[in-house]
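Along the sequence shown, residues are numbered consecutively beginning with 1.
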Amino acid sequence: MIPDRSIKLSIRNANIKIGGDWWLKYLWNIEDWGTYELSISKITISATIVFAMDNSGRPTVSSASCNSDISDVSFSFYGGASWLYNLFTGYINSNIQSNLQ
């Protein structure tokens, strides 16, 4: 059996910005549309992957550790009634951040 081998991956201070279009239809005659922007900044990810062999000699891959931290999330709507939807971006930001960590 060969000794365990591992790879450690580290990403620090990464940033992601995503934008797109949104469209809303409510009931039969209420429609709204515009664009959105999601910015996630100061992302840190670290993971350790272990490569080994089991007792029968088959290769195995496992995660020894995985951690992430996201310092800032900012979601904004543009166009249409975005002034109304942006009242809820604090909730959206914290929900996105807690789900990604």
Side-chain angles (χ1 to χ4, degrees):
M1 193 163 151
I2 64 171
D4 292 348
R5 307 275 185 216
S6 65
I7 294 175
K8 182 169 182 167
L9 168 70
S10 294
I11 300 170
R12 292 189 178 104
N13 293 321
N15 299 302
I16 297 172
K17 189 176 273 192
I18 301 169
D21 298 323
W22 60 268
W23 178 74
L24 169 72
K25 184 172 184 177
Y26 183 71
L27 298 175
W28 297 276
N29 60 351
I30 300 172
E31 291 186 19
D32 200 8
W33 59 88
T35 60
Y36 68 87
E37 184 175 277
L38 171 63
S39 177
I40 305 172
S41 56
K42 298 179 185 172
I43 303 167
T44 301
I45 301 170
S46 64
T48 302
I49 302 169
V50 178
F51 301 92
M53 298 280 222
D54 66 12
N55 291 336
S56 66
R58 294 183 183 150
T60 62
V61 179
S62 61
S63 172
S65 68
C66 185
N67 299 302
S68 68
D69 183 57
I70 298 171
S71 295
D72 188 40
V73 174
S74 176
F75 189 92
S76 295
F77 292 99
Y78 299 96
S82 59
W83 63 270
L84 175 64
Y85 310 132
N86 282 329
L87 296 174
F88 302 97
T89 57
Y91 172 76
I92 294 169
N93 293 342
S94 62
N95 195 7
I96 291 170
Q97 186 170 2
S98 65
N99 280 300
L100 290 177
Q101 291 205 36

(request) Report the distance from atom CG of D69 to atom CG of L100, rounding to the nearest 0.5 Å. (result) 11.5 Å

(message) Side chains of P59 and V61, heavy atoms from C-beta outward: is any pair under 4.5 Å?
(response) no

(message) Whether the S65 and T48 side chains hold a donor-acceptor pair (N or O, under 3.5 Å, no angle test) is what I'd like checked.
(response) yes

(request) With rounding to the nearest 0.5 Å, note down the distance linking CZ in R12 to OG in S10. (result) 5.0 Å

(message) Can you give me the closest heavy-atom contact between T44 and N13, atom names plus distance?
(response) OG1-N, 4.1 Å

(request) Using the ring pair (Phe, Tyr, Trp, His ring centres under 6.0 Å) rule, collect all pairs that involve residues 23-43, keeping only residues at least two apart or in two chains. (result) Y36-F75

(request) Drop me the distance from I18's CD1 to L38's CG, to the nearest 0.5 angstrom. (result) 5.0 Å

(message) Per the side chain to side chain donor-acceptor pair (under 3.5 Å) rule, what does the pair list look like for residues 76-90, sequence neighbours excluded?
(response) D32-Y85

(message) Measuring from atom OG of S94 to atom CD1 of I96, what distance do you get when rounded to the nearest 0.5 angstrom?
(response) 9.0 Å

(request) State yes or no: do I30 and L24 share one hydrophobic cluster built from I, L, V, M, F, W and Y residues joined by side-chain heavy-atom distances below 4.5 Å, directly or via other members? (result) no

(message) Minimum heavy-atom separation for Q97 and I70, please, with both atom names.
(response) NE2-O, 2.5 Å

(request) Supply the atom-to-atom distance I16 CD1 to I43 CD1, rounded to the nearest 0.5 angstrom. (result) 4.0 Å

(request) Measure the spacing between CG of N15 and OG of S39 and express it to the nearest 0.5 Å. (result) 6.5 Å

